[in-house]
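Since the structure comes first, as structure tokens, the remarks are kept for the end.
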Amino acid sequence: MDRVARLSSQKAVVIFSKSSCCMCHAIKRLFYEQGVSPMVHELDEDSRGREMEWALMKLGCSPSVPAVFIGGKLVGSTDTVMTLQLDGSLKNMLKEAGALWL
């Protein structure tokens with residue numbers, strides 16, 4: 001849990017992902033296309049990935065990936081991020097966190 005908290009606050013946008021997950025790929029692409037460079041942690045490529053996955057589930061992430069943190073706070077998974085994108089509030093969150101300048 002401590003590692004997830006520490007990693008999630010290292011950059012304005014942090015995504016916990018799995019390299020084989022298509023929804024993770026879609027979320028990463030959404031941020032890249034907006035000009036945001038998130039810090040991405042691929043849990044399936046990390047020796048402590050399983051432990052972090054359990055910590056994410058304890059935080060309420062279901063499914064555990066993708067788990068998106070903006071400004072050090074858990075935003076949620078694909079459905080939440082896409083809802084924020086569609087209603088226009090994702091861009092404001094990114095600006096407030098310093099991930100987006102325009």
Side-chain angles (χ1 to χ4, degrees):
M1 193 72 103
D2 293 336
R3 186 165 191 226
V4 168
R6 183 176 44 80
L7 293 173
S8 65
S9 63
Q10 287 184 337
K11 199 165 180 187
V13 177
V14 177
I15 302 172
F16 290 90
S17 172
K18 286 187 179 177
S19 59
S20 60
C21 171
C22 64
M23 296 312 289
C24 294
H25 176 75
I27 289 297
K28 290 182 282 191
R29 186 158 176 96
L30 171 72
F31 285 100
Y32 290 135
E33 288 178 355
Q34 293 188 56
V36 175
S37 295
M39 178 179 281
V40 177
H41 295 284
E42 300 290 355
L43 299 183
D44 56 341
E45 296 174 1
D46 190 304
S47 62
R48 295 178 63 193
R50 194 67 145 160
E51 177 186 321
M52 289 190 290
E53 188 172 0
W54 282 107
L56 290 166
M57 287 192 282
K58 285 182 182 177
L59 288 173
C61 296
S62 180
S64 59
V65 293
V68 178
F69 289 78
I70 298 176
K73 296 179 183 172
L74 176 63
V75 172
S77 194
T78 306
D79 55 345
T80 305
V81 173
M82 293 308 289
T83 299
L84 293 169
Q85 170 68 4
L86 292 172
D87 74 13
S89 55
L90 181 61
K91 188 170 275 192
N92 291 333
M93 291 176 76
L94 293 171
K95 286 179 186 176
E96 288 173 15
L100 200 59
W101 301 104
L102 300 174

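On a predicted model such as this, the values are computed, not experimentally measured, just so you know. One-based numbering along the sequence shown. All heavy atoms count here, side chains included; hydrogens, waters and symmetry mates do not.
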Applying side chain to side chain contact (heavy atoms under 4.5 Å, CB included) to Gln10 and not counting sequence neighbours gives Arg6, Leu7, Met39
By side-chain hydrogen bond (donor to acceptor under 3.5 Å, both in side chains), Ser89 pairs with (sequence neighbours left out) Asp87
Quick note, salt bridge (charged side-chain N to carboxylate O under 4.0 Å, His left out) partners involving residues 26-39, not counting sequence neighbours, are Lys28-Glu42, Arg29-Glu33
Residue pairs meeting side-chain hydrogen bond (donor to acceptor under 3.5 Å, both in side chains), one or both in residues 68-86, sequence neighbours left out, come to Gln34-Gln85
Those residues at least two apart in sequence (or on a different chain) that pass side chain to side chain contact (heavy atoms under 4.5 Å, CB included) with Ser9 are none
Problem set entry | Contact check, side chains of Arg48 and Leu43, non-hydrogen atoms, under 4.5 Å | no
In this structure, would Met23 and Leu56 fall into the same cluster of hydrophobic residues linked by side-chain contacts under 4.5 Å?
no
d(Leu74 CG, Ser8 OG) to nearest 0.5 Å is 8.5 Å
Applying ring pair (Phe, Tyr, Trp, His ring centres under 6.0 Å) to Phe69 and not counting sequence neighbours gives Phe16
- request: Check the pair Ile15, Val65 against side-chain contact (heavy atoms from CB on, under 4.5 Å), reporting the backbone distance first and the verdict last.
  value: CA-CA 8 Å; Ile15 302 172; Val65 293; over 6 Å; no
Residue set satisfying side-chain hydrogen bond (donor to acceptor under 3.5 Å, both in side chains) with Asp46, at least two apart, ordered chain then number -> Arg3
In this structure, NE2 of His25 is separated from OG of Ser19 (nearest 0.5 Å) by 12.0 Å
Query - Heavy-atom check, side chain of Val4 versus side chain of Glu51, under 4.5 Å - result: no
The side-chain hydrogen bond (donor to acceptor under 3.5 Å, both in side chains) partners of Asp2 (sequence neighbours excluded) come to none
Is there a side-chain contact between Leu94 and Lys91 (heavy atoms, below 4.5 Å)?
-> no
Across all chains, not counting sequence neighbours, the side chain to side chain contact (heavy atoms under 4.5 Å, CB included) partners of Ala97 are Ala12, Ile70
Heavy-atom closest pair (Ala99 atom, Val36 atom, distance to 0.1 Å) is O-CG2, 3.8 Å
For Trp54, the other hydrophobic cluster members (4.5 Å side-chain criterion, sorted by chain and number) are Met57
Heavy-atom nearest pair, Ser20 first then Asp44, reads N-OD2, 3.9 Å
Residues 57-67 vs side-chain hydrogen bond (donor to acceptor under 3.5 Å, both in side chains), sequence neighbours excluded, gives Glu53-Ser64
Practice problem: Determine, step by step, whether Phe31 and Leu100 satisfy the side-chain contact (heavy atoms from CB on, under 4.5 Å) criterion, reporting the C-alpha distance in whole Å, the side-chain angles of both residues, the deciding distance to 0.1 Å, and the verdict. | Solution: CA-CA 10 Å; Phe31 285 100; Leu100 200 59; over 6 Å; no
